[in-house]
There are 2 protein chains.
Amino acid sequence: MSTQLLAREGAEIEAFTALLRAHAATTREFNADLVADHGLTINDYEVMLRLAHAPDRRLRRVDLAEEVFLTPSGITRLLAGLEHSGWVERVSCASDARVTYAQLTEEGLEKLRAAAKSHVASIRILFSERFSPSELEALRDLLQRLPLAEGASCEP
Amino acid sequence: MSTQLLAREGAEIEAFTALLRAHAATTREFNADLVADHGLTINDYEVMLRLAHAPDRRLRRVDLAEEVFLTPSGITRLLAGLEHSGWVERVSCASDARVTYAQLTEEGLEKLRAAAKSHVASIRILFSERFSPSELEALRDLLQRLPLAEGASCEP
DNA sequence: GAGAAAAGATTGAGTCGTCAAGTATTGAGC
DNA sequence: GCTCAATACTTGACGACTCAATCTTTTCTC
């Protein structure tokens with residue numbers, strides 16, 4: 001009891017610490033692979049994936065930012081790279097001159113497909129080595145509760 | 001079936017995506033608070049916490065790096081900041097001139113205590129709002145399986 | 001015990017993302 | 001229909017971290 005200078009215990013803190021470490025470990029690994037094999041960061045990949053699943057393969061930049069938990073300026077800079085490579089195009093909006101869509105190009109979709117192949121396989125291996133199907137589900141469900149309600153804080 | 005251009009499904013991928021989002025959301029929040037209230041990043045905090053719990057409140061820089069999942073150069077730079085602020089001191093090792101310890105100063109310990117107060121409270125609130133004690137334990141146990149065996153890959 | 005490999009740590013260059021401030025456009029109130 | 005706040009986005013300055021290269025010291029091998 002006296003050796004403990006500072007409270008580290010507490011299930012909440014332990015869970016959060018585990019989250020930090022799990023993220024650092026997995027992200028570092030996957031990101032390195034993705035960069036080495038395809039020249040994409042994890043965030044590049046996640047952004048392109050969101051676009052691929054969106055109607056017309058395009059999304060407003062703000063919405064994209066929210067989905068991948070980046071700031072608006074972060075999205076601007078990330079997209080600048082993808083636009084430069086030709087994976088994503090800027091499309092202006094007819095009804096609102098303020099918004100610019102980010103649209104995945106055909107080349108971008110091909111790129112994403114190629115990257116997904118190895119990336120998805122790596123994830124599958126790492127996770128299925130460590131968890132049973134039901135544990136996987138439990139982990140996902142628990143983690144999905146964490147993000148703080150997006151854009152919906154109080155509406156009476 | 002035809003609307004799905006790319007496989008997103010798969011419990012492994014969903015779990016990993018949830019991990020990314022959970023980390024981004026919580027980290028952003030806690031880090032902002034910590035920086036605003038105490039001028040420390042989450043990593044600063046985690047490093048000081050590890051030191052506080054280590055024998056003599058000191059650790060080799062390599063070991064520290066491993067614990068918080070930073071590269072050696074990352075640790076050098078992070079510690080440079082803490083040394084500059086006086087929270088951490090460099091201590092050279094008598095038996096091996098290559099190693100330098102990072103040692104938490106008395107001021108550093110005080111600083112850490114002050115920061116812990118609000119930081120720990122924030123974490124507790126966020127997590128206990130969302131999880132029961134048994135869920136918290138489950139989450140921690142699942143997450144702790146993820147970091148890829150540290151330094152122990154193959155020893156016959 | 002001399003030379004080669006390994007281990008601890010730092011540095012330079014570059015990337016990625018943040019915050020704060022700024023521009024432009026839209027829409028609501030009077 | 002004019003002002004004023006809110007929204008969408010960009011930019012400049014900066015911070016945190018990475019990789020690759022380097023330096024020093026230790027340890028292994030013969």
Side-chain angles (χ1 to χ4, degrees), chain A residues 20 23-25 27-36 38-47 58-85 88-103 151, chain B residues 20 23-25 27-48 58-85 88-103 151:
Chain A
L20 288 183
H23 176 266
T27 268
R28 180 101 71 101
E29 174 99 348
F30 294 143
N31 199 50
D33 289 352
L34 221 35
V35 169
H38 304 280
L40 295 175
T41 66
I42 282 198
N43 275 345
D44 290 339
Y45 179 90
E46 293 288 326
V47 161
R58 73 187 178 198
L59 243 30
R60 298 191 321 160
R61 299 160 98 84
V62 181
D63 298 335
L64 202 42
E66 210 168 84
E67 283 214 50
V68 296
F69 277 95
L70 282 182
T71 58
S73 65
I75 276 290
T76 293
R77 286 167 151 82
L78 188 157
L79 287 176
L82 298 181
E83 286 157 9
H84 181 77
S85 302
V88 167
E89 273 174 350
R90 303 172 67 90
V91 176
S92 46
C93 172
S95 62
D96 187 337
R98 288 172 303 180
V99 344
T100 318
Y101 290 102
Q103 177 161 31
Chain B
L20 289 182
H23 176 266
T27 268
R28 180 103 68 102
E29 175 99 349
F30 294 142
N31 200 50
D33 289 352
L34 221 35
V35 170
D37 298 348
H38 304 279
L40 295 175
T41 65
I42 282 197
N43 275 345
D44 290 338
Y45 179 89
E46 293 288 326
V47 161
M48 289 172 76
R58 72 186 180 198
L59 243 28
R60 299 189 321 160
R61 300 162 98 82
V62 180
D63 298 335
L64 201 43
E66 209 170 83
E67 283 215 49
V68 296
F69 277 96
L70 283 182
T71 58
S73 65
I75 275 291
T76 293
R77 287 166 151 84
L78 189 157
L79 287 176
L82 298 181
E83 285 156 11
H84 180 77
S85 302
V88 167
E89 273 174 351
R90 305 171 64 91
V91 177
S92 47
C93 173
S95 63
D96 187 338
R98 289 172 304 178
V99 342
T100 319
Y101 291 102
Q103 177 162 31

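Per chain, numbering begins at 1; letters A, B, ... match sequence-line order. Just so it is clear, the values below take in all heavy atoms, side chains as well, and ignore hydrogens, waters and symmetry mates.
- Residue order along DNA chain C, read from the 5' end via each residue's closest nucleotide, puts B/D63 first among A/D44 and B/D63.
- Which of D/dT26, D/dT11, C/dG8 sits closest to the side chain of A/T76 comes down to D/dT11.
- A/V99 is not listed as a side-chain neighbour of A/V62, based on a closest heavy-atom distance of 4.5 Å or more.
- In this entry the distance linking CG of B/L78 with P of C/dT11 reads 15 Å, nearest Å.
- C/dT11 atom P lies 12 Å from atom CG of B/L79, rounded to whole Å.
- Between B/T41 and B/V35, the shortest heavy-atom distance links the atoms CA-CG2, 4.3 Å.
- Put simply, the side chain of B/R98 and the base of D/dT24 share no donor and acceptor less than 3.5 Å apart.
- In this structure, the CZ atom of A/F69 is 16 Å from the C1' atom of C/dT18, given to the nearest Å.
- Between the P atom of D/dA16 and the NE2 atom of B/H84 lies a distance of 12 Å, rounded to the nearest Å.
- Computed from coordinates, the A/E66 CD to D/dT7 P distance equals 12 Å when rounded to whole Å.
- Contact annotation: side chain of B/T71 to base of D/dC19, donor-acceptor pair absent below 3.5 Å.
- Applying side-chain contact (heavy atoms from CB on, under 4.5 Å) to B/D44 and the options B/L40, B/I42, B/V47 leaves one that passes, B/L40.
- Looking at B/R28, its side chain does come within 3.5 Å of a backbone N or O of A/F69 through a donor-acceptor pair.
- Taking 4.5 Å as the limit, every side-chain heavy atom of B/H23 sits out of range of all side-chain heavy atoms of A/T27.
- Contact annotation for B/R77: base contact, defined as any heavy-atom pair under 4.0 Å involving a base atom.
- Not one side-chain nitrogen or oxygen of B/R60 sits closer than 4.0 Å to the OP1 or OP2 atom of C/dA7.
- Of the residues near DNA chain D, A/V99 and B/P72, the one whose nearest nucleotide (by heavy atom distance) lies more toward the 5' end is A/V99.
- Contact between the side-chain N/O atoms of A/N43 and the OP1/OP2 oxygens of C/dG17 is found at a separation under 4.0 Å.
- Here the P atom of nucleotide D/dC9 and the CG atom of A/L64 are 10 Å apart, to the nearest Å.
- Under 3.5 Å, the side chain of B/R90 and the base of C/dG8 form no donor-acceptor pair of N or O atoms.
- Here D/dT10 presents its C1' atom at 12 Å from CD of A/E83, a figure rounded to the nearest Å.
- Proximity of B/T41 to the phosphate of D/dA16: no side-chain N or O atom is located under 4.0 Å from OP1 or OP2.
- At a threshold of 4.0 angstrom between heavy atoms, the contacts of A/T100 are confined to the sugar-phosphate backbone, with no base atom among them.
- Taking atom CD of A/E29 as the reference point, atom C1' of D/dT18 lies 16 Å away to the nearest angstrom.
- When all heavy atoms of A/Y101 and A/R61 are compared, the closest pair comes out as O-NH1, 4.0 Å.
- In this structure, B/I75 reaches neither bases nor backbone, as no heavy-atom distance under 4.0 Å exists between it and the strands shown.
- Along DNA chain C, the nucleotide nearest B/R28 and the nucleotide nearest B/S73 are compared for position; the residue whose nucleotide lies closer to the 5' end is B/S73.
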